[in-house]
Amino acid sequence: MNKTVAIRKITVLAMMTALAVICSGQFPYGLTFRVGSVIKLSPVFVIIGIVAATYGVWEAALVAFLSDLIQSLTAGLGVSPAILLISTLTGLCFGLFLKQGRLSISGIILSVLITQLIGSLLLTTLVLHFRYGVPYFPTIWWRVVQTVIMVFVEIPILKLLLIDADIPNKLKREG
């Protein structure tokens, strides 16, 4: 990889990290909606999906990790290593299933189902319970609602942006 390509890639990844931080901020300043203390509807998946499909596994994991770290620090939430690990795993999962040149609806469905069911529903609920003392059983039911909503939101949006609009190839050519 020559210097110009490397500089472009670093610039795009930095821009995508900044966009993910903005997206993860709470409404009205960011684009994340919270319903109560346990349901969070965030468009960060769009950024991570685009990075995964454009650059790959490690880049998606890095952007997911850094954006969550920066958002936690700037929002004064404190850093949760477990939450950072879940974010990183989300980037890794998206990167594994959303491979450029081989993007498919089945890859989108698998990445969304795995990240939502394991990352959001199971792991994040456990972190909320053990780290923050949120009661497990009422929380899990609300998080099931969030997971169902996010699955039905993420799959068509990722299909539209990654396959129909072909954003990864456009970003790669222009960026």
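Along the sequence shown, the residues carry numbers beginning at 1.
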Under the 3.5 angstrom rule, does the side chain of Arg34 hit a backbone N or O of Leu41 as a donor-acceptor pair? no
Min side-chain heavy-atom separation Tyr136-Leu128 under 4.5 Å: no
Please say whether more than 12 non-hydrogen atoms of neighbouring residues, nucleotides or ligands are located less than 6.0 Å from CZ in Phe152. no
Out of curiosity, Thr147 OG1 to Ile118 CD1, how far, rounded to the nearest 0.5 Å? 11.5 Å
If you define the side chain from C-beta out and look only at heavy atoms, does anything of Leu92 sit under 4.5 Å from Leu89? yes
Heavy atoms of Pro168 and Leu161 approach each other most closely as CD-O, 4.1 Å
Give, for atom CG of Leu62 and atom CG of Leu69, the distance between the pair rounded to the nearest 0.5 Å. 10.5 Å
One should read off an interatomic distance between Arg131 CZ and Leu126 CG, to the nearest 0.5 angstrom, of 14.5 Å
Would you say Val151 ends up clustered with Ile48 if hydrophobic residues are merged whenever their side chains have heavy atoms under 4.5 Å apart, either directly or through other cluster members? yes
Using the side chain to side chain contact (heavy atoms under 4.5 Å, CB included) rule, take Tyr55 and Val63 through it: C-alpha gap first, then chi angles, then the decisive distance, then the call. CA-CA 11 Å; Tyr55 295 108; Val63 169; over 6 Å; no
Apply side chain to side chain contact (heavy atoms under 4.5 Å, CB included) to the pair Leu158 and Phe94, showing each step before the final yes or no. CA-CA 11 Å; Leu158 288 174; Phe94 270 44; 3.9 Å; yes
The remaining residues in the hydrophobic cluster of Ile70, counting side-chain heavy-atom contacts under 4.5 Å among Ile, Leu, Val, Met, Phe, Trp and Tyr, are Val21
Do Ile47 and Ser67 have side-chain heavy atoms sitting under 4.5 Å apart? no
N/O donor-acceptor pair under 3.5 Å between Thr124 side chain and Leu121 backbone: no
Would you say the side chain of Ser42 lies within less than 4.5 Å of the side chain of Leu31, judging by non-hydrogen atoms? no
Side-chain heavy atoms of Leu103 within contact of Asp166, under 4.5 Å: no
When rounded to the nearest 0.5 angstrom, what is the spacing between CD1 in Ile83 and CD in Gln71? 12.0 Å
With no hydrogens and no angle check, is any side-chain donor or acceptor of Lys159 less than 3.5 Å from a backbone partner on Ile109? no
Closest heavy-atom pair and its distance - Ser72, Gly78: CB-O, 3.6 Å
Taking His129 for its side chain and Val134 for its backbone only, find out whether a donor-acceptor pair lies under 3.5 Å. yes
Under 4.5 Å between side-chain heavy atoms, counting indirect links through other Ile/Leu/Val/Met/Phe/Trp/Tyr residues: same cluster for Phe137 and Val144 or not? yes
Kindly compute the distance separating CD1 (Ile167) from NZ (Lys172), expressed to the nearest 0.5 Å. 15.0 Å
Out of curiosity, does Leu66 fall in the hydrophobic cluster containing Val79 (side-chain heavy atoms, cut-off under 4.5 Å, transitive links)? yes
Under 3.5 Å, side chain of Ser120 to main-chain N/O of Leu117, donor-acceptor pair present? no
Are Val57 and Leu84 in one and the same hydrophobic cluster, where Ile, Leu, Val, Met, Phe, Trp and Tyr link if side-chain heavy atoms are under 4.5 Å apart? no
Heavy-atom side-chain proximity of Ile108 to Phe97 below 4.5 angstrom: no
Using the rule given for side chain to side chain contact (heavy atoms under 4.5 Å, CB included), can you reason through Met16 versus Ile50, listing the C-alpha separation, both sets of side-chain angles and the distance that settles it, and then say yes or no? CA-CA 9 Å; Met16 296 303 254; Ile50 290 171; 3.4 Å; yes
Report yes if the side chains of Tyr132 and Ser80 come closer than 4.5 Å at any heavy-atom pair, otherwise no. yes
Kindly compute the distance separating CG (Leu123) from CG (Leu85), expressed to the nearest 0.5 Å. 8.0 Å
If every non-hydrogen atom of Leu162 is compared with every non-hydrogen atom of Ala53, which pair is closest and at what distance? CD2-CB, 4.0 Å
Same hydrophobic cluster for Ile163 and Leu98, using side-chain heavy-atom links shorter than 4.5 Å among ILVMFWY? yes
Are Cys23 and Val46 close enough, and set up right, to give a side chain to side chain contact (heavy atoms under 4.5 Å, CB included), and what steps lead you there? CA-CA 9 Å; Cys23 285; Val46 171; over 6 Å; no
Taking the side chain as every heavy atom from C-beta outward, state whether Val112 and Met150 have any pair of such atoms under 4.5 Å apart. no
